[in-house]
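First up is the structure itself, then whatever we jot down about it.
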Amino acid sequence: MLNQLTISELTARLARREVSSREAVQSCLDQIARVDGQIHAFISHDAADALAQADAADQLLAQGGGGASRPLLGVPIAVKDVLAVKGQPLNCASKILGNFISPYDATVIEKLKAAGAVVFGRLNMDEFAMGSSTENSAFGLTRNPWDVTRIPGGSSGGSAAAVTADECIASLGTDTGGSVRQPAALCGCVGLKPTYGRVSRYGLVAYASSLDQIGPMTKDVRDAATLLGVISGVDQRDSTSVPEPVPNYVAALDGKIKGLKLGLPKEYMVGGLDAEVKAAVDAAVKQYEKLGAEIVEISLPHTDYAIATYYIIATAEASANLARFDGIRYGARVEGNDPIELYSKTRGAGFGAEVKRRIILGTYVLSSGYYDAYYLRAQKVRTLIRNDFLKAYETVDAIITPTTPTAAFKAGEKSDDPLQMYLSDIFTISCNLAGICGVSLPCGFTQNPKLPIGLQLLGKPFGEETLLKIAHAYEQSTTWHREKPTLGH
Ligand code: GLN
């Protein structure tokens, strides 16, 4: 079935005119009709609009319009509900945006459309990307396609579940502390967090601006390379995007990894790591040795401080970024007798509990009496964490870790215990604090129940070519990425 194809498989068949984009889009729509009642990856999707885009793509295909300039021509790609797509709803899985419709396209959406993609759907997520399970959505839970009693991870849980359940060919997520890599690991797809500045954030609703990056979620590493190549590049509308040239990431995939050095951080192999996850990562390390890589033990000594540092910086930035949702400029409004009452009633009714918790925490750490003790200190520790990585990269080409300490947990298991939820981000957040790139890819399954396990590789700043090459070598020597959940297959 066409919805099961990867980007590279589908574009090859479209180019040979064996199938049409309309058929590919229709097969995704059919799959959504079949399984999304159980998975709920999508908040909404506009089938007529997607088919109209497909017809336009088919016309271009008939004129021979694919090729290098439009590497995604006719390919259905779904989008997390935090990215602006002109004319489509934008809710960030929150009630506070009401009936807001995006007046413009995010830069990444412009780029997807210019590459010929059929951009469709609003994928579920934790409200304002705050969470690790997609349980903090005002639009209900998303379920893990491998076991619908379990969470898909978060905050890009809809993006991961939709790819895994073949409801789209690929998707975009966002990653502030692991939100692309962690749900990719828990659902069993590939998730790439680019280096900070690699991809423009224009049109991404900001959570923590110094940490946020948009990343591809795909069925294999080749597709991640393809999508990254499309969405990367400097953008004058995002002053933090970096004018590094965009290499041909796909061409870099097939290089040799023999002789490359992979660092195993000793701090990551301790407490709370599930035995089956550890065994799968150990086996992946062995596989890399077989492929000719050299494994070196390294130390990232400030790892212990990463979660505390992240939850100070991310909440501080969130408290400032979310001030704009005041009932006046955007979306929903609850009237009050004066502006202050209007603000507080609107924000009280519009934001969910986790978002309120973060705003309160972030406002506290920025307040005049505590700024030095918390926020300023966290910024200094952030520099130490980044320096740990830069030092490690003097001797290794990439770092290898589990993506998450456990496989997908049960819905409801951690939702009453924010600290437990925060601790599940232990392996992913340092990457954002350091501003480096990272990818999660499938490396095995737990036995009973059968749930995916993710391997994380962390690369040098702007080292996505090498990172993807290392990921690809492992993927191509294993079959994990080919396994499908029984639901809908
Ligand atoms: N789980 C982390 C948080 O809640 C990361 C979320 C993300 O990357 N957007 O902040």
Side-chain angles (χ1 to χ4, degrees), residues 79-83 92-94 123-137 142 151-160 171-187 191-194 196 199 201 204-217 306-322 351-362 365 378 382 403-406 408-409 413-415 417-440 454 456 458:
V79 186
K80 184 176 180 179
D81 188 29
V82 71
L83 292 164
C92 305
S94 179
L123 291 165
N124 201 16
M125 55 185 277
D126 286 298
E127 183 177 1
F128 286 104
M130 297 173 187
S132 310
S133 66
T134 314
E135 291 169 295
N136 301 331
S137 166
T142 295
I151 54 89
S155 64
S156 313
S159 303
S171 67
L172 289 185
T174 61
D175 192 314
T176 305
S179 278
V180 161
R181 290 160 288 149
Q182 186 257 21
L186 301 190
C187 286
L192 172 70
K193 191 212 78 89
Y196 187 76
V199 177
R201 293 179 295 107
L204 158 64
V205 179
Y207 160 17
S209 309
S210 76
L211 301 160
D212 298 341
Q213 271 291 288
I214 301 162
M217 307 191 67
I307 289 187
T309 304
Y310 172 84
Y311 278 96
I312 291 170
I313 293 173
T315 58
E317 294 184 18
S319 74
N321 276 328
L322 271 59
F351 288 135
E354 183 62 28
V355 174
K356 285 178 188 161
R357 182 179 296 123
R358 308 257 180 137
I359 292 173
I360 291 167
L361 196 59
V365 300
R382 179 178 187 172
T403 310
T404 58
T406 66
F409 45 90
E413 194 177 316
K414 298 190 184 183
S415 41
D417 189 345
L419 190 58
Q420 277 310 312
M421 194 73 92
Y422 298 173
L423 290 173
S424 69
D425 296 335
I426 173 88
F427 299 133
T428 49
I429 53 182
S430 298
C431 169
N432 303 72
L433 289 167
I436 58 176
C437 57
V439 64
S440 178
Q456 178 175 242
L458 299 172

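Along the sequence shown, residues are numbered consecutively beginning with 1. Atoms within a ligand are numbered from 1 in the order they appear, just like the ligands themselves. Remember, predicted model here, so these are calculated numbers, not experimental data. Because only heavy atoms are used, hydrogens play no part in the values below, and waters and symmetry mates are left out as well, while side chains stay in.
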Distance-only donor-acceptor check, side chains R382 and N432, under 3.5 Å: no

Any donor-acceptor pair under 3.5 Å from N136 side chain to M130 backbone: yes

Sub-3.5 Å N/O-N/O distance, T174 and ligand 1: no

From S179, G215, P183 - option closest to atom 9 (N) of ligand 1 by heavy atom: S179

Ligand-residue contact atoms, ligand 1 with Y310, heavy atoms, under 4.0 Å: 2 (C), 3 (C), 5 (C), 6 (C), 10 (O)

Any L433 side-chain heavy atom under 4.5 Å of Y196 side chain: no

Geometric N/O contact T176 with ligand 1, under 3.5 angstrom: yes

Heteroatom distance test (Y207, ligand 1): nitrogen or oxygen, under 3.5 angstrom: yes

Donor-acceptor contact present, side-chain S137 to main-chain T134, <3.5 Å: no

Minimum side-chain heavy-atom gap V439-R181 below 4.5 Å: no

Per-atom contacts of ligand 1 with S155, taking only distances under 4.0 Å to non-hydrogen atoms: 9 (N)

Full working for side chain to side chain contact (heavy atoms under 4.5 Å, CB included) between L322 and Y207: CA-CA 8 Å; L322 271 59; Y207 160 17; 5.8 Å; no

Ligand-side contact atoms (ligand 1) for residue partner G131, heavy atom cut-off under 4.0 Å: 1 (N), 2 (C), 3 (C), 4 (O), 6 (C)

Contact with ligand 1 for R358, non-hydrogen, under 4.0 angstrom: yes

N/O donor-acceptor pair under 3.5 Å between D175 side chain and Q213 backbone: no

Min side-chain heavy-atom separation P405-I426 under 4.5 Å: yes

Any Y311 heavy atom less than 4.0 Å from ligand 1: yes

Which of the ligand 1 atoms, numbered from 1, are nearer than 4.0 Å to a heavy atom of G177: 5 (C), 7 (C), 8 (O)

Those atoms of ligand 1 less than 4.0 Å from some heavy atom in M130: 4 (O)

G178 heavy atom under 4.0 Å from ligand 1: yes

Side chain, backbone, both or neither: D425 near ligand 1, heavy atoms under 4.0 Å: side chain

Any N or O of A129 closer than 3.5 Å to N or O of ligand 1: yes

Flag, side chain of D81 to backbone of L123, donor-acceptor distance under 3.5 Å: no

